[in-house]
Every structure is written in C-alpha cells, then in structure tokens.
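Sequential numbering from 1 along the given sequence is applied to the chain's residues. In listed order, ligands and their atoms are each counted from 1.
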Amino acid sequence: MKSDNKPSVCVVGLGYIGLPTAAVIARAGCKVLGLDVSQKVVDTINRGEIHIEEVDLDGLVQGVVSRGLLSASIEVAPADVFVIAVPTPFDKDHAPDISYVLAAGRTIAPVLKAGDVVILESTSPVGTTEKMRDMIAEMRPDLKIPGLTRETPDISIAYCPERVLPGRILEELTNNDRSIGGITPRCARKALAFYKRFVRGECVTTDARAAEMTKLVENAYRDVNIAFANELSIVADRMGLDVWEVIRLANRHPRVNILSPGPGVGGHCIAVDPWFIVHSAPEETPLIRTARGVNDGKMHHVIAKAEALVEAHPNARVACLGLAFKANIDDFRESPARFVASRLARKFGSRMSVVEPYADELPLEFTDSGVTHIDVDEALETCDILIVLVDHDVFRVVPLAERADKLVYDTRGIWPDQPRVVREEAAKLALAAG
Ligand SMILES: NC(=O)c1ccc[n+]([C@@H]2O[C@H](COP(=O)([O-])OP(=O)(O)OC[C@H]3O[C@@H](n4cnc5c(N)ncnc54)[C@H](O)[C@@H]3O)[C@@H](O)[C@H]2O)c1
C-alpha cells in the first residue's frame, strides 16, 4: 500500500456496475485501473467518455480521468484491492454461468501479492466466492489463502453484492447499506475497511455464503411480490375489476403493501437471480419458480389483450409506449416491454409505431417490420390506440385532455384518470379472445 495510505484499486469489468464503482472509488482519491476485455470500452473511458447511460456518470468519469485517478486497460496490473464486477448470466436451462467470474479470477491471480484484498461484486450463486478462492489457490501455491491455511493468510477474499437502482447508481453506490461477506472474519474486516472509504451507508459484515444468498434473496423477494401483483391484474381482468383501484384500496390496510403490476419482469437482476436459488435447491423452491412463471406469463397475457384490442379496431393506428425494462433508463436487456412490442410488431407491422425516448433507433428485431419510431407528440396526434408498456415520466405527464379520446391499454397504471369505459372494453376483448 502507498504511503498516503490510499490503496491502489483494480476494477475488473467496466459495465453498468463496474464503471460507476471505479469512478466513485477514484473520486475518493484512490488510483483506479479499470480492466475490461473490450478495447472499445477501454478507449472510450481513457478519452474521459462513457459507453453507458447513467445519471451524472459522464461528468464524474471525465473528472477522475482528467485528474489521472482513473484509467482503463485490457492488461491487468498489480493493485492493493481488486473489485470484480463481470457478468453472471444464466444458460438456456437457467443454470448460472460463473465462467466470467472465474476468468476474472484467472486474470488477476498472477499479479496478486501479500496484503491484497479481492472482492467479488457480481451477483453469484452461493459458493462462487469459494470457487474463485480455490482457483486462485491452485494458480498461486506460493500464497497463503484464507480458509485453506492455519496461518495468517497472505490475501483477503470477500463477497460484497451490489443493490443499486439504474438511474440512481451513483447516489445508491455511496448511500445504500452493504453486506460484506468474508471467506473468514478477517477477510470481511479488510473488505469493510476498503468500503468505508467511499460508502456512507452502513456496512454489515458476514460470511461470503450468507452475503451471496442475501443478494439472491433480495431479488427473489421482489420477483415473488411483483408476481402477486401481476397475478392479481390477470384475475382482475377476468372479473372486470380495475386492479389499480383494488390495490390502492387494499394498501390502505396498515400491514399491506402490494406492489405494482406491469407487463412482466425484466432486466438482468430480478428476472435472473431467482433462478440461481432454484438451481441450487430445485425441490425446495416451488414458490420462487412459480413466481418466475407468473411474471413471464404476464407478458403473454398482455400480448393477447393488446392483440384483441387492436384487432377489434381494424382501421386504428397503434402506438406502443416504451421498450426499456423500467422507467427512465436506456436499458432494453431482457425487457418485457420490448418483447411485447416486438410480438405486436410482427402482427400489426405498419399500423404500429413505437415511442421510446431513450433509444436513438429501434432494436434490430423491428427492422423490416414496417413499425416507425416516433415521439410522444406524434403518437398523440396520429394514433388511436395507446399501449403503455413503460412508465417513463415523459408518458406519465401527458394530460388527460390529450389522450381522453384514445383507446388506452395501460399496463403500468400511469393514467388512473383515463376514462374507465376504455379500460373495460380492453378487458372484455381480452376475455373474448380467451
Ligand atoms: N446492472 C445492474 O443494475 C446490477 C445491479 C446489481 C448487480 N449487478 C450484477 O453486477 C454484475 C455486472 O453487471 P453489469 O450490469 O455491470 O454487467 P455489464 O454487462 O454492463 O458489464 C460487464 C463488463 O464486464 C466486462 N467483462 C466480461 N468479462 C470480463 C473479464 N473476464 N475481464 C474483464 N472484463 C470483463 C464486459 O466487457 C463488460 O464491459 C452482474 O453479476 C450483475 O448481475 C448488476
């Protein structure tokens, strides 16, 4: 460690989590090397620019790069602390793929030295940190490795998951509480000392396996509760009830807090992480597995209902509002809105437009579909049916006067004042469609 007592840091993986993390650590005065396998990402960051959209990230990265605190490379270099934030996707059978984590471990192992701290931040199935530890032990038999030696280990290894919300990442990176799981209590203390440099939220130490499970549990909790809301929305359609009204009323109970239904659950966290638990304990997870099925099934319900509405109005022009997986962001990965809109595009082609203010152009699957990319004003002027798929603020603020005469299918409940008859018509049509 350098004499000014600030550790040098290497952040492995410079995506939605790694780049903001690297920038925030650099802002705290640590010299940070960002490591990525993409030369394009590295070049962009070294120019002081960013390759992802995140509130205030551009200014922060530009500042820390120009002050020489953050640089990027595809070549690893020695550091005092390594933070790994590479992807952890699942395969077609929903089995977690930790190959990126192990690849990152393989990359850093040769440059590790006594005193270093290695922290895994990628969302990971329980036991991944130990697997990475075992791999480092194999590659570096010269180092005393925590959990595998009776003596004081040379390095520390910990797991510390990220729980930030896209769109608020910089704020939440510093203000959220963190769970810090060490392979040993000593490892947890070393990692804690590092996070204290830039985290204002409370940092709670535990062991690596508990911290891994905590992250998965948080997202499974969200998924199960959203599934309850989504199931209610389908039941309400069948019964001709307004689900939003029912939820609003039920939430007046002091101990009830039903979440909001939507067109499904997307993104790369809530729709993915519950599978890591199911994969580890398939027999013991009927609820978590069912919730995944309910949330995926909601997309098909929305498609059927939207199709019935559009088919009942053969001369109407249709606009799908939003493609992102949640409000006010430019992330379209695993987005139910995008899935629904692309299915409708196949069927209705040039009768349909998409409004997505966070996209410069429509994703590839819309190519040759005849669907046009328009803004919200044009949709209000030219379209008769509006299908709300994302609760972007720019949609939420459209006044009733500009949409009162539209047929609206509002999957996000952003327009509670929309004339009810239109919503009921859509529900009736969906029922008729079976
Ligand atoms: N994005 C979120 O909101 C969020 C929130 C909480 C947790 N997470 C978790 O954080 C982890 C990272 O997610 P993300 O959204 O930042 O992913 P991302 O895809 O945006 O970024 C990952 C980056 O890692 C790089 N990379 C891949 N393999 C590498 C390797 N071997 N060495 C160096 N770089 C490598 C990729 O090129 C990419 O730039 C995942 O486990 C994810 O589940 C994400």
Exercise for review: Looking only at distances, please establish whether an N/O atom of ligand 1 is found under 3.5 Å from an N/O atom of Arg163.
Suggested key: no
Review point. Is it true that Lys215 lies under 4.0 Å from ligand 1, counting heavy atoms only?
Key: yes
Review point. Is it the side chain, the backbone, both or neither of Glu54 that has a heavy atom closer than 4.0 Å to ligand 1?
Key: neither
Revision key, fill the gap. closest protein heavy atom to atom 33 (C) of ligand 1 is Val12 CG1, 3.6 Å
Practice item. Report the nearest protein non-hydrogen atom to atom 17 (O) of ligand 1: residue, atom name, distance rounded to 0.1 Å. Key: Arg333 NH1, 4.3 Å
Review point. Can you tell me which residue and heavy atom of the protein come closest to atom 13 (O) of ligand 1, and the distance to 0.1 Å?
Key: Ile17 CG1, 4.1 Å
Study note, to complete from the structure: Nearest non-hydrogen protein atom to atom 30 (C) of ligand 1, with distance, is Val37 CG1, 3.6 Å
Check your understanding: Parallel, tilted or perpendicular: which describes the rings of Phe90 and His94, with under 30° parallel and over 60° perpendicular?
Key -> perpendicular
Check your understanding: Just by modelled atom types, is the Ala211 backbone N or O under 3.5 Å from a matching donor or acceptor in the Ser179 side chain?
Key -> no
Review point. How would you list all residue pairs meeting side chain to side chain donor-acceptor pair (under 3.5 Å) that involve residues 147-159, not counting sequence neighbours?
Key: none
Check your understanding: Got a salt bridge between Glu121 and Arg178, using NZ or NE/NH1/NH2 to carboxylate O under 4.0 Å?
Key -> yes
Check your understanding: Does an N or O from Glu162, backbone or side chain, lie closer than 3.5 Å to an N or O of ligand 1?
Key -> no
Review point. Which bit of Cys269 is near ligand 1, meaning a heavy atom under 4.0 Å away: side chain, backbone, both or neither?
Key: side chain
Study note, to complete from the structure: Checking heavy-atom distances from atom 27 (C) of ligand 1 to each of Pro87, Ser99, Gly13, the winner is Pro87
Exercise for review: Please say whether Asp273 places an N or O atom under 3.5 Å from an N or O atom belonging to ligand 1.
Suggested key: no
Check your understanding: To which of Thr88, Val41, Val86, Leu19 does the heavy atom nearest atom 11 (C) of ligand 1 belong?
Key -> Val86
Point to revise | N/O donor-acceptor pair under 3.5 Å between Asn328 side chain and His392 backbone | key: no
Exercise for review: Would you check if the side chain of Thr372 reaches a backbone N or O of Ile374 as a donor-acceptor pair within less than 3.5 Å?
Suggested key: no
Practice item. Please assess Tyr16 against His51 for the test ring pair (Phe, Tyr, Trp, His ring centres under 6.0 Å), listing each intermediate value before the final yes or no. Key: CA-CA 9 Å; Tyr16 282 89; His51 61 292; 7.8 Å; no
Revision key, fill the gap. Atom 38 (C) of ligand 1 sits nearest the protein heavy atom Asp36 OD2, 3.5 Å
Point to revise | Element-labelled atoms of ligand 1 that are located less than 4.0 Å from some non-hydrogen atom of Tyr100 | key: 27 (C), 28 (N)
**Study point:** Structural part of Pro166 in contact with ligand 1, heavy atom criterion under 4.0 angstrom
**Key:** side chain
Review point. Which residue owns the protein heavy atom closest to atom 7 (C) of ligand 1, what's the atom, and how far is it?
Key: Thr123 OG1, 3.4 Å
Check your understanding: In terms of residue, atom name and distance, what is the protein heavy atom nearest to atom 20 (O) of ligand 1?
Key -> Tyr16 N, 3.0 Å
Exercise for review: Taking the six-membered ring for Trp and the single ring otherwise, decide whether the centroids of Phe366 and His373 are under 6.0 Å apart.
Suggested key: no
Review point. If only atom types and distance count, is the side chain of Glu54 paired as donor or acceptor with the main-chain N or O of Pro166 below 3.5 Å?
Key: no
Review point. Among protein heavy atoms, which sits nearest to atom 21 (O) of ligand 1, and what does the distance come to when rounded to 0.1 Å?
Key: Gly15 CA, 3.1 Å
Check your understanding: Are any of the N or O atoms of Thr107 closer than 3.5 Å to those of ligand 1?
Key -> no
Review point. With Phe332, which residues qualify under ring-ring contact (aromatic ring centres under 6.0 Å, His included), at least two apart?
Key: none
Review point. Atoms of ligand 1 less than 4.0 Å from His268 heavy atoms?
Key: 1 (N), 2 (C), 3 (O)
Practice item. Decide whether Asn175 and Arg200 meet the rule of one side-chain donor and one side-chain acceptor closer than 3.5 Å. Key: yes
Check your understanding: With His301, which of Asp237, Asn230, Thr411 fulfils side-chain hydrogen bond (donor to acceptor under 3.5 Å, both in side chains)?
Key -> Asp237
